[in-house]
Amino acid sequence: MNNQEPNQNFWSGFKAHFKRFWRRYQLTRWLIVVVLTMILVVSGYLTFMAKTANVGNLKAALENPTQIYDRKNQKAGTLYSQKGTYVALRKISPNVQSAVISTEDRNFYHEHGFSIKGFGRAFFLYAKNKLLRQNYISGGGSTLTQQLVKNAYLTQEQTFTRKFKELFLSIEVENVYSKKDILSMYLNNAYFGNGVWGVQDAAERYFGKTAANLTVPEAATLAGMLTSPSAYNPVDHPQASRTRRNVVLGLMAETGAISSAQAKQYQATAQTTNDTYNYKNTYKYPYFFDAVINEAVSKYGLTESEIMNKGYKIYTTLDQANQTQMQTLFKNPSYFPANAADGTKVQAASIAIDPNTGGVEAVVGGRGKHVFRGYNRATQMQRQPGSTIKPLAVYTPALENGYYYDSELTDKKKSYGTNHYSPSNYGNQYSGKVPMYQALAQSKNAPAVWLLNKIGVDKGYDSVKKFGLPVTKSDKNLALALGGLKTGVSPQQLAQAYTAFANNGTMSSAHYIRKIVDASGNVVVDTTDSKAKTTKVMSSKTAKQMTSMMMGVFNYGTGVSAKPYGYTIAGKTGSTEADGDTDATRDKWIVGYTPDVVVATWEGFDNTSAKHHLENVSGTGEGPLYQAEMQSILPNTKGTAFNTKDASTIAKAANNNSGTDATDIWDSVQKGIDNAGKSFNNAANTVKSWWNSIMN
């Protein structure tokens with residue numbers, strides 16, 4: 001008996017049953033419907049994608065670099081990466097146009113953005129690569145329009161999905177632009193190696209002339225580079241470039257752009273180069289421009305490529321005078337301590353913010369060579385703030401919870417808690433008792449920790465959070481009073497926090513961008529009509545008292561060397577020890593303000609070690625740098641005066657019984673305060689009453 005007969009009978013029966021089933025439910029028609037539906041959906045999606053790609057904006061985006069404007073709407077510089085000097089097609093030699101069309105897309109003037117043969121080849125290669133388990137396609141015969149679309153809108157990945165997107169976008173580009181416009185955009189957006197984009201800059205880079213004056217052999221050389229700019233450029237690979245040029249000349253003869261005799265004549269000519277290309281660096285304010293790009297990416301969802309290449313107009317908060325002065329100071333080594341023995345530079349960072357709007361006016365993120373979108377210490381660094389946190393973590397919450405500017409604080413060496421935390425003053429100098437304003441101005445550690453312990457660490461912790469500094473639950477301890485944060489802060493975060501003191505208790509969120517407009521004039525981002533993001537951190541009364549106390553920092557306290565001549569500022573200094581060594585400093589900080597500007601400056605080494613640290617706080621400091629910064633910035637402000645006086649002046653006036661002018665504010669103080677400077681518990685009501693008369 002044949003064993004195959006049962007199997008044959010089974011499969012014959014199955015096939016007959018399947019055919020009846022297929023015919024009964026008309027599965028062929030359903031299959032056609034499903035396939036057509038899928039094609040319709042995909043086509044609809046791709047059409048929608050092409051229609052919403054803002055193709056009408058393409059030419060304007062390619063013609064113009066992204067322009068940065070300052071706070072006064074004056075041009076401040078430009079951004080571009082994959083973009084060169086844009087010239088009209090009439091300023092590009094016909095030789096170039098013929099060479100490129102002969103080489104890249106012979107049917108350019110007869111097709112509608114895509115090649116049927118090219119897509120057929122793409123389908124074939126796709127099927128081949130699938131069989132070989134390669135998830136990409138090769139080749140595909142892209143037209144000039146497709147290449148333009150790929151460079152302008154898509155990634156360079158070789159996938160079938162990208163190829164379909166390229167097709168629909170190409171058709172849309174052909175619907176919107178003439179062939180001359182498309183050719184012009186392509187030639188101005190093509191890459192020619194050595195960081196050169198566009199045929200105009202390529203002509204200068206390789207032949208020392210404009211694109212309008214390129215000869216046939218020179219045009220053929222540039223056209224030959226399009227397939228591989230690095231391999232065929234005439235400077236780095238002259239022989240390969242000449243061989244490729246001659247191939248292009250042959251193709252030009254095939255298309256009739258030149259005769260065969262001319263092609264042979266040109267192929268025999270020598271290839272010479274001449275470089276007259278002059279790169280114009282318009283990235284004038286590198287750290288500020290970096291911050292603008294970062295904000296556009298992180299806050300408004302744009303990509304770096306879009307920002308650099310789509311011809312936006314970005315209106316910022318930049319003050320060019322302040323930025324220029326700050327950059328100039330950072331280039332002057334006399335304002336900084338000497339380099340370490342191994343040549344490592346002391347690093348620094350500064351930022352200036354308008355406290356009323358939160359707009360950053362100037363920022364420098366480091367010394368030495370700038371790296372595009374590299375490490376910006378002013379915005380990205382996280383270092384311990386030292387005593388600059390005392391006004392935020394201790395004195396503001398103390399005033400908000402019943403203490404006063406001249407409340408007496410204990411200034412003694414004390415231990416706290418089971419771990420015997422025992423902070424010490426600089427130089428181990430203690431006075432037993434000290435008024436709050438003096439403790440702040442002289443940056444005494446012992447009374448600050450004592451006061452935080454009195455009001456409660458929770459109040460200090462909550463206050464620091466209100467000021468927007470990055471604290472965690474692990475920071476809920478008395479070390480918070482001295483800036484002992486787990487994460488640390490950046491100069492921008494610290495300056496933003498201090499805007500609350502300069503702005504009557506309201507903190508303004510730091511930002512760089514006011515408005516973004518695309519190349520066609522459409523507003524992409526607009527913050528000018530909306531108020532700055534603000535947070536009410538403290539009462540205006542507390543802000544005045546804090547300002548009054550922090551004036552003393554620069555008048556007679558730790559910031560005397562940083563006080564600008566002829567100006568009154570308030571603020572705080574800070575420092576941190578390097579590995580517990582009181583003679584070695586890791587970080588130095590100064591943050592100061594007027595009602596018009598807040599400036600924060602940090603100084604230190606990126607990596608602190610035994611060989612890389614600053615001298616102790618009494619050594620070479622950042623006072624002269626900060627003083628110079630303020631003296632260059634303050635003349636550019638409105639010059640708004642503080643609405644209060646130095647707390648030490650108020651305290652002295654309160655104890656002076658010789659005042660004669662009844663209308664003078666200090667006369668009012670001495671009439672109402674007999675015991676200013678005494679314990680808050682004994683004189684709080686009287687002091688509060690007369691402080692209100694001063695502040696209001």
Side-chain angles (χ1 to χ4, degrees), residues 387-388 390-391 394-396 398-399 403-411 425-427 429-448 450-451 498 501-502 541-574 590-595 623 627 630 641-659 661 664-680 682-684 686-696:
S387 292
T388 60
K390 288 175 181 175
V394 181
Y395 296 115
T396 292
L399 294 179
Y403 281 81
Y404 207 53
Y405 85 105
D406 68 344
S407 296
E408 285 192 347
L409 311 180
T410 296
D411 183 21
N425 292 338
Y426 179 72
Q429 299 294 315
Y430 306 91
S431 57
K433 294 287 185 180
V434 63
M436 186 189 294
Y437 65 87
Q438 285 187 14
L440 188 156
Q442 296 169 4
S443 199
K444 288 177 172 283
N445 293 334
W450 177 87
L451 182 56
Y498 272 73
F501 298 121
K541 175 182 174 182
T542 297
K544 286 182 181 180
Q545 293 186 62
M546 287 301 305
T547 293
S548 177
M549 290 194 291
M550 284 192 281
M551 286 180 181
V553 171
F554 295 97
N555 289 337
Y556 65 90
T558 55
V560 168
S561 66
K563 183 178 181 180
Y565 297 119
Y567 293 96
T568 298
I569 65 173
K572 190 70 184 71
T573 64
I590 299 180
V591 55
Y593 63 92
T594 71
Q627 182 186 63
M630 276 300 202
F642 286 118
N643 56 1
T644 186
K645 302 291 184 181
D646 188 321
S648 65
T649 302
I650 297 173
K652 290 176 183 178
N655 286 321
N656 186 354
N657 295 321
S658 61
D661 186 355
D664 188 82
I665 189 170
W666 310 120
D667 210 25
S668 298
V669 171
Q670 66 88 22
K671 287 181 180 179
I673 303 177
D674 295 325
N675 298 304
K678 291 183 178 180
S679 169
F680 171 79
N682 295 328
T686 304
V687 176
K688 284 183 180 179
S689 174
W690 287 104
W691 183 269
N692 286 335
S693 70
I694 294 169
M695 294 298 174
N696 298 322

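Values below: every heavy atom of this structure, side chains too, minus hydrogens, waters and symmetry copies. Sequence positions, counted from 1, serve as the residue numbers for this chain.
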Is there a side-chain hydrogen bond (donor to acceptor under 3.5 Å, both in side chains) between Tyr593 and Thr547? Walk through the geometry before answering.
CA-CA 9 Å; Tyr593 63 92; Thr547 293; 2.8 Å; yes
Please lay out, stage by stage, how Glu408 and Val434 fare under the test side chain to side chain contact (heavy atoms under 4.5 Å, CB included).
CA-CA 5 Å; Glu408 285 192 347; Val434 63; over 6 Å; no
Could you walk me through whether Lys390 and Ser387 pass the side-chain hydrogen bond (donor to acceptor under 3.5 Å, both in side chains) test, one step at a time?
CA-CA 5 Å; Lys390 288 175 181 175; Ser387 292; 3.1 Å; yes
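Note: Lys645 NZ to Ile650 CD1 = 9.0 Å, rounded to the nearest 0.5 Å. The distance from the OG atom of Ser561 to the CD1 atom of Ile590 is 6.0 Å, given to the nearest 0.5 Å. For the atom pair OH (Tyr437) and OH (Tyr556), the distance works out to 6.0 Å, reported to the nearest 0.5 Å. Rounded to the nearest 0.5 Å, atoms CD (Gln442) and OG1 (Thr573) are 11.0 Å apart. Separating the NZ atom in Lys541 from the OG1 atom in Thr644 is a distance of 12.0 Å, to the nearest 0.5 Å. The CG atom of Leu440 sits 10.5 Å away from the OG atom of Ser548 when rounded to the nearest 0.5 Å.
In terms of heavy-atom proximity, Ala448 sits nearest to Val394 at O-CG1, 3.5 Å. Nearest heavy-atom pair, Gln627 versus Pro564, reported as atom, atom and distance to 0.1 Å: CG-CA, 3.9 Å. Nearest heavy atoms, Tyr395 versus Lys444: OH-O, 4.4 Å. Tyr430 and Ala446 get closest at one heavy-atom pair: CE2-CB, 4.0 Å. For Met436 against Tyr403, the heavy-atom pair with the smallest separation is CE-CB, 3.7 Å. Summarising the geometry of Met546 relative to Leu399, their closest heavy-atom pair is SD-CD1, 3.5 Å, with the distance given to 0.1 Å.
With contacts defined as side-chain heavy-atom distances shorter than 4.5 Å, the pair Lys572/Ser443 qualifies. The closest side-chain heavy-atom distance from Asp411 to Lys433 is not below 4.5 Å. You'll find the side chain of Phe501 stays beyond 4.5 Å of the side chain of Val591, heavy atoms only. Side-chain contact between Leu409 and Trp450 is present, with at least one heavy-atom pair separated by less than 4.5 Å. Contact annotation: the side chain of Tyr567 never approaches that of Met630 to less than 4.5 Å [non-hydrogen atoms, C-beta and beyond]. Side-chain contact between Tyr498 and Pro391: present, with at least one pair of heavy atoms (C-beta onward) separated by less than 4.5 Å.
The closest side-chain donor-acceptor pair between Asp646 and Asn555 falls under 3.5 angstrom. Neither side chain, Thr568 nor Lys563, offers a donor N or O lying under 3.5 Å from an acceptor on the other.
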